[in-house]
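In what follows, a structure is listed as structure tokens, so that the remarks can point back to it.
Proteins get letters first, then strands, A, B, ... in listed order; numbering begins at 1 in each.
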There are 2 protein chains.
Amino acid sequence: MPELTVTVGVSPYQLDREILIKLDQCDESGHDFVVAPISNPLFRQKMADALTKGFEDRNQLIQAPFSPQELYLRTSDSSDRLVGLTAEWANLDAKDPAERYMAEKVGEYHPYLSAQKGYGKYGERGFTGAVNVQSNSFVDVHSKVNENAHRLTVETCAALLALVMVGGCLQVFEKELLWASYIGISAIIVPSLNTHSTQFINYARMICRALNDYAFHQLWVRVPLDDLTSGDKQQAWKNWMLLKQMCDYSSKLQIALVIKSKLPDQEYISQWFAEPIKCIVLPTTTFTTNPKGYPVLSKPHQNLVRRLLQFTSYVVIEEAEGELTCDTGNHQKFLRYLAQMQDDMSSLEKFAAGYKDYLQSPLQPLMDHLESATYATFEQDPIKYQLYEKRFWTVFQRTTNSHTGRGPLVDRSLNAAKLACRKVKVYALEKNPNAYVTLQRKMESVWKDDVTVFFGDMRFWQPPEKADILVSELLGSFGDNELSPECLDGAQRLLKDDGISIPSSYSSYLAPLSSTKLYNQVTALNGPAHFETPFVVLFDAVDSLATPQKVWDFVHPNPQLPTDAHSVARVDNHHNTRYATNRFTCPKTALVHGLAGYFDAVLYKSITLSICPETHTPGMFSWFPIYFPLKKPILVPSGAIIETHLWRLSSFSKVWYEWSISTEFASANEHGSHTDMKTSTPVHNLNGSSYWIGL
Amino acid sequence: MPELTVTVGVSPYQLDREILIKLDQCDESGHDFVVAPISNPLFRQKMADALTKGFEDRNQLIQAPFSPQELYLRTSDSSDRLVGLTAEWANLDAKDPAERYMAEKVGEYHPYLSAQKGYGKYGERGFTGAVNVQSNSFVDVHSKVNENAHRLTVETCAALLALVMVGGCLQVFEKELLWASYIGISAIIVPSLNTHSTQFINYARMICRALNDYAFHQLWVRVPLDDLTSGDKQQAWKNWMLLKQMCDYSSKLQIALVIKSKLPDQEYISQWFAEPIKCIVLPTTTFTTNPKGYPVLSKPHQNLVRRLLQFTSYVVIEEAEGELTCDTGNHQKFLRYLAQMQDDMSSLEKFAAGYKDYLQSPLQPLMDHLESATYATFEQDPIKYQLYEKRFWTVFQRTTNSHTGRGPLVDRSLNAAKLACRKVKVYALEKNPNAYVTLQRKMESVWKDDVTVFFGDMRFWQPPEKADILVSELLGSFGDNELSPECLDGAQRLLKDDGISIPSSYSSYLAPLSSTKLYNQVTALNGPAHFETPFVVLFDAVDSLATPQKVWDFVHPNPQLPTDAHSVARVDNHHNTRYATNRFTCPKTALVHGLAGYFDAVLYKSITLSICPETHTPGMFSWFPIYFPLKKPILVPSGAIIETHLWRLSSFSKVWYEWSISTEFASANEHGSHTDMKTSTPVHNLNGSSYWIGL
């Protein structure tokens, strides 16, 4: 059974010695890797000095290659055990002394500018300006100020100053990225900026470049799992979302999630499960101390970390600023202990572990002949067949007519009849010529006279007599998606007028869903048709955005059908077409990647089975949910209406689904008036062009 | 010179005779084509009757082929002069007697349903249901009502009834589309539905199908140019937008714009200029009568129709409901008169007429050698060279050094010097070996000793002496986009310390823009790289969403440059990189397709030239604006902030632009609280991957 694994690293805020010595030291204390800043304070000093120079000298200083003395990460030795960290001090948002220092240095240089309090917010009203991004061109500002002092407002000067610093910071950022790429370290952590920051857009652009052009294995964006006491509780998530959009939803963009002492509410935690978390960052301050003096995590933190370890095994223990010790050995041991703690896993969980977020194309049981291994997998489900037996037992006052795979339904029928002390006659009908061989052998060796096995398609077969009970096992993850309605319509003429169908009805359910992982997996399949194909998948790295709602149902036997309708689907299948729309209120601002589909079924009277999350039949694992993807994810504001549209359509030879999502919300403008907004995705899988199920 | 053409058709609400007779009649009165309903009242009656039947009979009636008696459009004869019209009575929204009749018929059929007042709005709270879309399955509802009467609320029944009717209407719609496609008529007009209507989504899906699978030349959606006295003034536009989105911005989707007596405000008219108007529909009620009793249009209507005739020549005169006359000959004659009315066209307009909305790749004058015809086109501009002459005249106290194409600048310099009674020495420098030949011949035949012609690149050329004035003509549609900054940097060493550059500075401007036509044209170029390429284009079918804002400027000579900087761009071009952000408030809900770029320049002191719409130099046509496209259009709510981001970046061998647009607005939820929304496009042309200008 799968075990949570953990790869623990340590992140020193500052380093006072050679990185290789540090690595040795960490080896001794059991850490797997070290997160280290790329450059050191000497470089930082040089950059601050550069700002005080004139045009040419400054540019030369900034563009000069690193000297080895300015770097922590110097060689490619042990680069597989190093994660790089770009300079935090190049971040204008941070309340960092170096930043203030840079600001002061600039201020000293020109008294007019130093008179400003702080530096203005770029993009504020009254200033839309331009600077030489990469040149850190203070001279530019300088000359402008002299020349046009009468035109420049105080605000403008402050904004220009902020922009100059942005330029410098970006050059530092780019320099470090290129160096880290050159020495081939395995991953790099970059800061996450507030989207309101003066440099966010340029920072985001640099990340795009790095993802496109530089040779990193991994790029992790530091994202705080904050519980803000005031302001927008989704601020960090929204910042991350804007970065994703600028990078066109690149699958290379991943998260280093920083977990602090105070955790937010569950809904603001679960939104991150839909995002690509590749690294968990635990500052030492997040740990508490147990009575014996060892560092431990609170129960909620433990649960969260164990959940996150299902997505990634990388954990970084981050030492507090200024601490130069390497005393995180006990933190690391606690994490390993945590990862090895065993939960009691149900048989469902054990079975499921290997299938999480794995996309499977839905079966085509009518058009294709299934393989024996497929049957074997289904037959492992202990619960489904118990329910069928219970159901047989309930209705066994009559003879039975069963449609089967390798025979488990027949076994259960006979068992139930025995318990009910009823003599039954079973006709087993199979359309798969290979499964038919197995059934014949079983008839000869086990069932004997109780069962007669036939070879044929239930839609066309002529029975020796009509049956009291028609038992079938044709349900798919979405109920009707393996064409149970069409098959049972065709078999309805095998049933007596007051005959019973097991199952007697089934319903489909839908809910909007967020999952970057599923989106990336469909993208990786390479081809637009995959975004118009539903997939069977066990959801794991997802955020469910609403309780599923019923979309439609089917009832058997169908009272609408003409009697003796032979293979009705081939002639007229209109009664099995459907259109459904459902409305969900989006509980928080969310990125919708598609729809999650489920079903439940009434086997007979009160005996039901369900794969809907809220009503899931315990322990049953025959069906995973279905996923209807969207070509492009849609960002939906909190409180908006998500309206889903689903069609089940049919032609002479096939059945298919089409789907579309529209959103509705009101947008408020600065004057407080509202405008209604309604948006829609394209109709997916129009006319079954990408996906269909053969009749 | 181009003339507005008009192709006038007539649209009868009802027809009382054979369509071919009607066509003959219209020929006589001078109409070019006839818009005719596809089916006639017999079919309508049959469909209404169908609803009263049971499952099988009803389905048979609906699915049966048309009988010839049920059709107005029967054969493919004259199909090129026919435009089809799908049944208006299949529209649940319309206040149509047939619709009420159908509703009543259904009501009679089941007393329980007929007890309901009207039919509920589909999608209302409490009902999310499904019906058999294509089967019009009233029996389904019927049996459900019987079976589950205790479970069904009044509301649900009403909604189900509405859905049943939707099913029927859609089948009628599909039948007509398929027939029209079969007989090969040239275009078809379909109704536009309110997005709040019960059948909008299914209607939109059917349009998608028709666009994808049916063989129409053209499909025109009827869209009213309404001036609503209450409610959302953009409602019709928003309905159209949602339809576009569901059809994934298909370029086949076009508009039949219905112009009524009362026109809306200009901003709600101009939004339609950005949309694909293929047909103008003028109900006879929109006309007024002049003193002589003839039908005419009001002045504002005349102006609008003349503007729209620049996009399409198709006009339909629509007879009022119930009128069976064909007396629209005078309306038609007025329209032909209107189209032939001549405005005084300026030379700019005459020159421009052939270039409207035609995408051109920007020139690469530095990397490529331009052709003589290109120079000839530019030399047609009478205004630009007047300005240059004026400028020379102003500054002629010194000798001149000119950089040129085929010599118009040299001519103007000499003229100006003569006027100023100054003796000047002109060095003409040309890097294009072919243009150099022309210059040499001109020197020998015309200029003689006044001018010395040299062959070379201004960035590398060694002059016999330094100049007082450096004249160049290197500006592109966006000012710096033909690398004027880099060229003039390299030529700065040719100038004396107190020398003058003409132009002395230039600035670039941007504004967000909507234009389906430009978007469709870039799409037609087939390849994602085209969406990352700026195009030079004369805007016509566009809606400008804001006054352009300045993004950045360049000044020459550049005081920052080291003296004697040889070909500085090749060594360090950082001082010519730029980043600019601008914020625009979106005046109405709009679909943004990209950015419009302009420039203005100071030649010398107060002599300027501009191609910005508000300050355009009158009569000058050397430059059309530039268009930065977006890969996918973005829908921006009224009052939202559109933030543009533009970079000018440089490497050793090339210069390029990158761009991105973000939006900001507040979304209000049902409880009245707001959430901030910020979205962004990807960064376009990252690292110059799709488009760059060679150094």
Of the backbone (N, CA, C, O) and the side chain (C-beta and beyond), which part of B/Leu635 lies under 4.5 Å from a heavy atom of chain A, both, or neither?
-> both
For B/Gln234, is it the side chain, the backbone, both or neither that has a heavy atom under 4.5 Å from a heavy atom of chain A?
-> neither
Heavy-atom contact with chain A under 4.5 Å, split by part of B/Ala640 | neither
Please look at B/Ser660 and chain A and tell me whether the side chain, the backbone, both or neither of the residue comes under 4.5 angstrom of a heavy atom of that chain.
-> side chain
With a 4.5 angstrom heavy-atom cut-off, could you sort out which part of B/Thr681 is near chain A: side chain, backbone, both or neither?
-> backbone
A/Arg205 NZ/CZ over B/Tyr579 ring centroid, <6.0 Å and within 45° of normal = no
Using distance alone, with no hydrogens and no angle criterion, decide if B/Lys238 and A/Thr675 have a side-chain donor and acceptor under 3.5 Å apart.
-> yes
Assess whether side chain to side chain contact (heavy atoms under 4.5 Å, CB included) is satisfied between A/Asn685 and A/Trp656, documenting all intermediate values.
-> CA-CA 8 Å; A/Asn685 194 35; A/Trp656 68 96; 4.0 Å; yes
Ring centroid separation A/His674 to B/His674 under 6.0 Å | yes
Cut-off 4.5 Å, heavy atoms of chain B, and the answer for A/Thr589 is side chain
What residues, two or more places apart in sequence or in another chain, satisfy side chain to side chain contact (heavy atoms under 4.5 Å, CB included) together with B/Asp248?
-> A/Lys631, A/Pro682, B/Lys632
